[in-house]
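The chain is numbered in sequence order, starting from 1.
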Amino acid sequence: MANQDRYDRILEAIDWERKTEETYFKQLQSKKTNAEKIEAGILWYPVVIVKKYYTIGEQVEIIVERKVRDVMSHRFKTGMGCQVFTVNAAGEKETLKGVVSFVKKLKMGILFGSHVNQLEDIEDRFKSGVELVYDEKPYTVMTQAILNVKSSQEEHIKDLRDGISKQSDFAPYQVSNQQFHPWTSLNDSQNAAIEGCLSSDRIAIIHGPPGTGKTTTLVALIKESLRFEKRILVCAPSNNAVDLLARRLDEADIETLRVGNVSRVGDATAHLTLATKVANHDDWKHIKKVKIEANEARKQAGSFKRKFGYKERENRNAMYKESRELKKWARELEDRLVDSILHKAQAVCSTLISASSSYIKDLQFETVVIDEASQALEPECWNAILKAKRVIFAGDHLQLPPTVKSKEAEELGLADTILDRMSDKIHHSYLLNTQYRMNDHILAFSNKRFYGSKLISHDSNSKWSLDEYPIVFIDTSGCGFEEEKHADTFSSYNKGEIFIIREWFLQHKDILLDETTIGIISPYAAQVKLLKQHIEDEELYRGLNIEVNSIDGFQGQEKDLIIISLVRSNENGEIGFLADERRLNVGMTRAKKKLVMIGDLSTLAGSELYTSLADHIEKDGHYQSAWEYMS
């Protein structure tokens, strides 16, 4: 009964999150003018349709290009629902719903469903735009997954369902009589994780702190597993994470198939997508020819005038019949081709939501690997788990959890991941303990605070740095750099910290080489927006390899130099979600050779977390007052 109650709570949480998202989009779309919608990041306008074509399954896809070249932030991401609109000569607005298939700089791809089956349905008239719309599909998929979990009578699903609910261990078993031979290219903890996962029954976890070679370990594990299994399902919550794994698996000579929405314009995963594999196959030319003939027959049938005789009517009916038969033949040929490509694949890669894709619904898997599991909601994980007999989670539950917008959903536990729930509860949980990213001094605080001092640095990176101080804290206390609030979003920003960043670059530009990668990150969206504009406007930064983003948006990335703007500075000691230890852990562990943190320690001092950080900086780093940059 307790299990039933738990999954009922998850269903309720999904519905709260769905309603919150729907309300959010209604509020965004209540903005009246195009300028307001562009400012809110939900509209690209104007755009030009630069390409339109058929993809697999006779789906229509278009590529639009944004003509406004100003640096504008937006909310469009791969997989999101959108509507393309055109305005005709009479000023009437016509819309078609689609899904974003890729976003790259000024270009975006939109894939349409069965409601658009002819290229002629898409017309680029006088003015066109693309607007984000509420998309219910992820919530429908997650709801159905949990309903299937609740009702399933399959033994392995019942085992996983009950074990995850009760947080109980799972018995080991021997996958094969063949012995595992450690890889000489991997360290001891990586080999131990692979061997342990191979002997797991229903569930195993690879705990991969920052820079410990989690992706390398997963690729080796999948390659080992394919000695005993025909194919493996490989998933992650985001398209970027899936694309990274797909590229690495392909480089390891594993027959890899990328299913779902993915950037196909100059992307390194282009040749791995189902659409490209179909288009590059020898049989595709013949299928395409049949499709063209079917379209021509349909056009000819439609070209007959309203007044015509018996002979013309017979010819028109014959042409329509020929068109239908040719289309049916083309579909059959394409289905056979797609089926052959699917069955040849050894690693099928998709997002967790796309694991229910119609293309792979009939494929069976022994194992599903879920990467970035610390960012994955439990119901979307189940959407993938339902397709296999065991699951291997990989990630770091000591970094940020998935974003949940609804307070009610969060209270019902939607942000609690399976990785977090099970990491310390099962025998088959393996820590990767050697990190290949950071200088030892950058690692030290997170290692002690979050990982029980279990991590060690590899010789290749333990001492590298840009100068004599790998970790620096610039304290703005007493400088009058108080935070401000954005009038509409209530997000915090701090112009004084941006001034300090500029002064830091003026004083330290000599240590930055052409190849030095730089990340400037902040917990607050308003500060990120100001930083992006600042970097764009200032000649000082020309030629430097700088990326600006939120701490949350930077999870999974790394740069030689990381500068963190903490923003909060007030008399009340309010620090908001800076108090989340995992956010600080993510921010600090993005840096490889140098970490610069800027903040008001008098404001932060009310938190034990930042008091500990200040003590650490005093002993193992370099403390500076912001006054040193203000002369």
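By the neighbour-count criterion of 12 heavy atoms within 6.0 Å, atom NZ of Lys559 is densely surrounded, having more than that number from other residues, nucleotides or ligands. For NZ of Lys77, the number of neighbouring non-hydrogen atoms (other residues, nucleotides, ligands) closer than 6.0 Å is 12 at most.
Taking every heavy atom of both residues into account, Leu398 and His207 meet most closely at CD1-CE1, 4.1 Å. Pairing each heavy atom of Ala145 with each of Leu386, the nearest pair is O-CD1, 3.6 Å. Heavy atoms only, all atoms of each residue included: Ile426 and Phe170 are closest at CG2-CD1, 4.2 Å. Across every non-hydrogen atom of Val528 and Val548, the tightest pair is O-CG1, 3.9 Å. Here the closest non-hydrogen pair linking Phe365 and Ile232 is CD2-C, 3.6 Å. Taking each heavy atom of Ile157 and Ile385 in turn, the nearest pair found is CD1-O, 4.1 Å.
A donor and an acceptor atom, one from each side chain of Ser189 and Asn433, are located under 3.5 Å apart. Defined by atom type and a distance below 3.5 Å, a donor-acceptor pair is missing between the side-chain atoms of Glu372 and Ser238. Side-chain contact of Ser357 with Ser354: a donor-acceptor pair under 3.5 Å is absent, judged by distance alone.
For residues 375-386, every residue pair satisfying the salt bridge (charged side-chain N to carboxylate O under 4.0 Å, His left out) rule, not counting sequence neighbours, is listed here: Arg6-Glu378. Within the structure, the side-chain hydrogen bond (donor to acceptor under 3.5 Å, both in side chains) test picks out the following pairs touching residues 335-345 (sequence neighbours left out): Asp339-His343. Applying the salt bridge (charged side-chain N to carboxylate O under 4.0 Å, His left out) rule to pairs touching residues 405-422 yields Glu21-Lys405, sequence neighbours excluded. Pairs of residues two or more places apart, or lying in two chains, that qualify as salt bridge (charged side-chain N to carboxylate O under 4.0 Å, His left out) and include a residue from residues 131-142 are Arg18-Glu136, Lys37-Glu131.
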Inset, instruction - Evaluate the salt bridge (charged side-chain N to carboxylate O under 4.0 Å, His left out) criterion for residues Glu608 and Arg449: first the C-alpha distance (whole Å), next the side-chain angles of each, then the deciding distance (0.1 Å), finally the verdict. - result: CA-CA 12 Å; Glu608 185 274 331; Arg449 181 87 185 187; 2.7 Å; yes
Inset, instruction - I would like to know whether Leu400 and Arg583 meet side-chain contact (heavy atoms from CB on, under 4.5 Å); could you show each step before the answer? - result: CA-CA 6 Å; Leu400 287 166; Arg583 184 163 282 108; 3.9 Å; yes
Legend entry - side-chain contact (heavy atoms from CB on, under 4.5 Å) evaluation trace for Ile164 with Trp382: CA-CA 11 Å; Ile164 290 170; Trp382 277 113; 3.8 Å; yes
Inset, instruction - Kindly determine whether Ile203 and Phe393 satisfy side-chain contact (heavy atoms from CB on, under 4.5 Å), including the steps that lead there. - result: CA-CA 8 Å; Ile203 184 172; Phe393 293 99; 3.6 Å; yes
Inset, instruction - Under the side-chain contact (heavy atoms from CB on, under 4.5 Å) rule, what do Cys381 and Leu352 come out as? Steps first, then yes or no, please. - result: CA-CA 6 Å; Cys381 285; Leu352 292 162; 4.2 Å; yes
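Evaluation of the side chain to side chain donor-acceptor pair (under 3.5 Å) rule for Gln375 yields no partner, not counting sequence neighbours. Residues forming a side chain to side chain donor-acceptor pair (under 3.5 Å) with Lys529 (at least two apart in sequence, or on another chain): Glu39. Judged as a side-chain contact (heavy atoms from CB on, under 4.5 Å), and not counting sequence neighbours, the contacts of Ser607 are Ile575, Leu609, Tyr610. Annotation: salt bridge (Lys or Arg N to Asp or Glu O under 4.0 Å) contacts of Glu155 (sequence neighbours excluded): none. Scanning for side-chain contact (heavy atoms from CB on, under 4.5 Å) contacts around Thr212 gives Pro209, Leu432, Gln435, with sequence neighbours left out. By the side chain to side chain donor-acceptor pair (under 3.5 Å) test, Glu558 pairs with Arg437, sequence neighbours left out. Every side-chain contact (heavy atoms from CB on, under 4.5 Å) that Thr256 has, sequence neighbours left out, goes to Ala246, Leu249, Asp250, Ile254, Leu272, Ala347, Cys349. Contacts of Ser423 classified as side chain to side chain donor-acceptor pair (under 3.5 Å), with partners at least two apart in sequence or in another chain: His397.
Within the 4.5 Å cutoff, the side chain of Lys277 has no heavy atoms near those of the His271 side chain. Taking the side chain as every heavy atom from C-beta outward, Gln144 and Ser356 never approach each other to under 4.5 Å. You'll find the side chain of Thr78 stays beyond 4.5 Å of the side chain of Thr351, heavy atoms only. Counting heavy atoms from C-beta outward, Tyr430 and Glu195 have side chains that stay 4.5 Å or more apart. Side-chain contact between Asn585 and Tyr451: present, with at least one pair of heavy atoms (C-beta onward) separated by less than 4.5 Å. The shortest side-chain heavy-atom distance between Ile110 and Leu96 does not fall under the 4.5 Å cut-off. The closest side-chain heavy-atom distance from Leu11 to Thr143 is below 4.5 Å. Side-chain atoms of Glu17 and Val404, non-hydrogen and from C-beta on, do get closer than 4.5 Å to each other.
To the nearest 0.5 angstrom, Leu377 atom CG is 5.0 Å from Leu414 atom CG. Distance check, rounded to the nearest 0.5 Å: OG of Ser374 to CZ of Arg582 gives 9.0 Å. Once rounded to the nearest 0.5 Å, the distance linking CZ of Arg258 with CG of Leu245 reads 10.0 Å. Taking CD from Glu12 and CG from Leu412, the interatomic distance works out to 4.5 Å, rounded to the nearest 0.5 Å. To the nearest 0.5 angstrom, Phe112 atom CZ is 12.5 Å from Lys97 atom NZ. For the atom pair CG (Leu160) and CG (Asp201), the distance works out to 8.5 Å, reported to the nearest 0.5 Å.
Under a 3.5 Å cut-off, the side chain of Ser200 and the backbone N or O of Cys197 do form a donor-acceptor pair. In terms of modelled atom types and a separation under 3.5 Å, the side chain of Asp169 and the main chain of His427 share a donor-acceptor contact. Judged by distance alone, with hydrogens and angles left aside, the side-chain atoms of Arg590 form a donor-acceptor pair with the main-chain N or O of Gln557 at under 3.5 Å. Proximity of a side-chain donor or acceptor of His156 to a complementary backbone N or O of Ala388 within less than 3.5 Å is detected. A donor-acceptor pair is defined here as one N or O able to donate and one able to accept, closer than 3.5 Å; such a pair exists between the side chain of Asn383 and the backbone of Ile353. A donor-acceptor pair under 3.5 Å links the side-chain atoms of Tyr7 to the main chain of Arg161, judged by distance alone. In terms of modelled atom types and a separation under 3.5 Å, the side chain of Lys214 and the main chain of Asp396 share no donor-acceptor contact. Under a 3.5 Å cut-off, the side chain of Ser350 and the backbone N or O of Val259 do not form any donor-acceptor pair.
The pair Arg247-Asp243 does not meet the salt-bridge criterion, since no charged nitrogen lies less than 4.0 angstrom from a carboxylate oxygen. Here Glu229 pairs with Arg390 in a salt bridge; the nearest charged N to carboxylate O distance falls below 4.0 Å.
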